[in-house]
Amino acid sequence: MGSERPDDTVSKVLVQAALVPAVLAVIVAGVLAIEVKSLVTHSRWVQHTDEVIAAAREIQGMVIDRESGLRGYVIARSPEFLAPYHAAESALPARWEALQRLVSDDAAQTKRVVETRELSNQWEAYARSALAANAQDSAALVSTGQGRRVMQQLRNELEAFVRVEEGFRDERARREQRGALRAVSMCVALLVAVAVLMAFSARRQIREVARRFGAALHSAQEAEKLRDEFITIAAHELRTPLTALLLQLQRLRRDLDRGTTLDSSAVIDTPLRQARRLSSLIESLLDAQAVASGGQVELRLSRTDLATIAQASVARVRDGLVRLECQIEMRLEAGVEGDWDAERIQHIVATLIANACKYGEGKPVHVAARREGEMRVLTVSDEGIGIPDDLQERIFGRFGRAAPARSYGGFGLSLFVARRLAEAHGGTLTVVSEHGKGATFTLRIPRVAAPIEHVTLRAG
């Protein structure tokens with residue numbers, strides 16, 4: 001996350017800013033769909049109840065019309081009074097069937113319809129008897145009150161049926177109202193929640209963008225600071241051997257102008273030594289640039305052994321050893337061979353020996369090589385100032401150092417390059433140290449360099 005580019009961060013935040021409202025909108029839509037479905041269901045039940053009540057009222061009206069027609073006929077003996085009676089007689093069976101179907105989902109109401117229809121059938125039987133009798137017998141039959149009692153019971157049952165349905169309708173209407181109120185309340189609550197969540201999300205995302213841009217700005221400032229420090233150190237390090245070289249060449253020019261006899265070996269040794277130092281510094285810079293930029297490190301593999309490499313590394317830094325009066329003690333096992341890039345491994349070992357002498361306070365430096373199965377191990381130990389625990393990983397970073405540059409010099413790149421070259425061989429470079437008690441650097445590499453990404457292997 002620390003290496004993520006700011007524009008990538010902005011893209012992610014924009015995606016999140018679009019995704020969060022979309023997800024919340026889907027949730028709100030889902031809840032609203034459920035509530036609307038519930039409202040539609042309640043509304044349909046209310047409509048259904050209204051249909052049941054209307055059907056019952058229609059039957060009730062037909063029954064009353066038939067009773068009125070029958071009574072008028074019995075009293076007046078006029079056939080015209082039977083018109084409503086006969087009209088309702090043909091329509092009633094279909095109305096009863098329709099009513100029974102409408103309440104088929106309610107067992108109690110279905111039973112009440114069946115019982116009420118049975119009462120209707122009883123009154124129908126009474127009415128047929130009254131119509132079939134003569135005037136005197138019809139009057140006698142009506143006077144018994146049988147028809148009136150059955151009709152009153154029938155009308156009471158229909159009223160009771162309608163009251164139950166009206167109760168259902170009122171309850172379902174209340175549920176519909178509560179559902180509507182709940183839907184509106186939930187809508188408002190969800191919209192408020194969405195607004196609050198979006199506000200918090202936007203706040204968090206803006207803070208995250210600000211934090212990452214701040215980190216990027218800080219990194220850029222640190223990089224600029226490191227660059228300035230590197231330029232200063234590089235100028236100082238390169239100027240030292242270059243100044244010595246120029247002084248030696250100026251001295252040589254004066255001696256030549258004076259005709260002084262010169263010792264050829266003495267004349268060439270110092271400039272050659274300074275030129276080699278310049279070459280080593282430039283090589284370190286190029287290696288550092290290559291591994292830092294993720295470019296290819298070309299390995300030229302050949303069969304060699306750590307003893308040969310260690311001896312060549314000592315020769316490579318001999319000038320510095322003489323200046324520092326550093327003694328090297330070697331304990332090298334025979335046959336510690338492998339297929340590596342000899343120049344690269346020599347660069348690693350030379351770096352470790354040079355650093356050990358630089359920070360070893362004039363005490364002996366111990367170099368050892370041994371086998372560990374398929375791994376080859378080389379250690380360089382000194383008895384110098386040591387490295388504090390909190391700086392032991394830092395020294396392997398770019399421009400990382402455990403001691404002030406003014407006191408010990410150097411770019412702060414040598415161990416960075418050395419570790420990357422070790423990793424390019426599929427190995428590791430680690431340190432064990434205690435402040436004030438020296439340090440031991442351990443190089444572990446496989447017998448045959450293992451190819452890894454960004455490394456080119458070439459047979460030597």
Side-chain angles (χ1 to χ4, degrees), residues 35-76 79-131 138 141-184:
E35 289 300 320
V36 169
K37 183 179 179 181
S38 176
L39 281 175
V40 170
T41 301
H42 287 311
S43 178
R44 286 177 178 174
W45 275 113
V46 171
Q47 293 176 2
H48 174 77
T49 308
D50 286 336
E51 290 177 8
V52 173
I53 293 173
R57 290 297 187 191
E58 185 179 12
I59 291 174
Q60 190 177 34
M62 289 182 177
V63 167
I64 293 173
D65 288 344
R66 295 192 75 197
E67 181 189 22
S68 298
L70 178 63
R71 184 181 296 117
Y73 175 77
V74 169
I75 295 173
E80 63 183 20
F81 286 102
L82 293 179
Y85 176 88
H86 290 303
E89 182 180 17
S90 60
L92 265 177
R95 299 295 190 277
W96 283 113
E97 293 294 335
L99 181 61
Q100 192 167 346
R101 283 196 304 271
L102 286 173
V103 297
S104 59
D105 59 307
D106 188 331
Q109 287 293 82
T110 300
K111 182 180 179 182
R112 184 172 283 112
V113 169
V114 171
E115 292 175 348
T116 306
R117 187 175 184 182
E118 180 62 28
L119 288 173
S120 176
N121 292 335
Q122 291 179 19
W123 187 86
E124 185 69 30
Y126 160 78
R128 288 195 185 99
S129 299
L131 291 173
S138 294
L141 183 61
V142 169
S143 65
T144 63
Q146 177 185 356
R148 183 174 56 80
R149 288 193 299 272
V150 172
M151 178 54 67
Q152 187 60 45
Q153 189 175 358
L154 174 59
R155 294 174 69 173
N156 290 341
E157 287 295 325
L158 284 172
E159 282 294 336
F161 176 87
V162 169
R163 283 196 298 271
V164 170
E165 289 296 327
E166 287 176 342
F168 287 160
R169 182 186 59 189
D170 294 342
E171 177 61 27
R172 287 165 181 170
R174 285 193 293 270
R175 288 181 185 176
E176 184 180 16
Q177 292 173 356
R178 288 196 298 267
L181 181 61
R182 184 175 65 249
V184 172

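Residues Val150 and Tyr126 fail the side-chain proximity criterion, which asks for heavy atoms closer than 4.5 Å. The side-chain heavy atoms of Leu99 and Arg95, taken from C-beta on, include no pair separated by under 4.5 Å. No side-chain heavy atom of Val63 sits under 4.5 Å from any side-chain heavy atom of Trp123.
Environment of CZ in Arg148: sparse, with no more than 12 heavy atoms of neighbouring residues, nucleotides or ligands closer than 6.0 Å.
Between the side chain of Thr110 and the backbone N or O of Val103, at least one donor-acceptor pair lies under 3.5 Å.
In this view, Ser104 satisfies the side chain to side chain contact (heavy atoms under 4.5 Å, CB included) rule with no residue, not counting sequence neighbours. Considering only residues two or more places apart in sequence or on other chains, Trp45 meets the ring-ring contact (aromatic ring centres under 6.0 Å, His included) condition with His48. In this structure Arg44 satisfies the salt bridge (Lys or Arg N to Asp or Glu O under 4.0 Å) test with no other residue, sequence neighbours excluded. Residues forming a side-chain hydrogen bond (donor to acceptor under 3.5 Å, both in side chains) with Gln100 (at least two apart in sequence, or on another chain): none. Residues passing the side chain to side chain contact (heavy atoms under 4.5 Å, CB included) test with Ala54, sequence neighbours excluded: none. Under the side chain to side chain contact (heavy atoms under 4.5 Å, CB included) criterion, Gln177 pairs with no residue, sequence neighbours left out. The salt bridge (Lys or Arg N to Asp or Glu O under 4.0 Å) test applied to Arg101 returns no partner, not counting sequence neighbours. In this structure, the side chain to side chain contact (heavy atoms under 4.5 Å, CB included) partners of Asp106, at least two apart in sequence or on a different chain, are Ala108, Gln109, Phe168. Checked against side-chain hydrogen bond (donor to acceptor under 3.5 Å, both in side chains), Arg149 has no partners two or more places apart in sequence or in another chain.
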Item to check | Working for side-chain contact (heavy atoms from CB on, under 4.5 Å), residues Thr116 and Phe161 | outcome: CA-CA 9 Å; Thr116 306; Phe161 176 87; 5.5 Å; no
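With values rounded to the nearest 0.5 angstrom, Gln152 atom CD is found 9.5 Å from Leu154 atom CG.
Considering every non-hydrogen atom in both Leu102 and Ala55, the closest pair reads CD1-CB, 4.1 Å. The two atoms that bring Ala56 and Val162 nearest to each other are CB-CG2, 3.6 Å, heavy atoms only.
Among pairs with a residue in residues 46-56, those fulfilling salt bridge (Lys or Arg N to Asp or Glu O under 4.0 Å) read Asp50-Arg169, at least two apart in sequence or across chains. Pairs engaging residues 151-163 under the salt bridge (Lys or Arg N to Asp or Glu O under 4.0 Å) rule: Arg57-Glu159, Glu67-Arg155 [sequence neighbours left out]. Residue pairs meeting the salt bridge (Lys or Arg N to Asp or Glu O under 4.0 Å) criterion with at least one member in residues 107-127, sequence neighbours excluded, are Arg66-Glu124, Glu97-Arg117, Glu124-Arg128.
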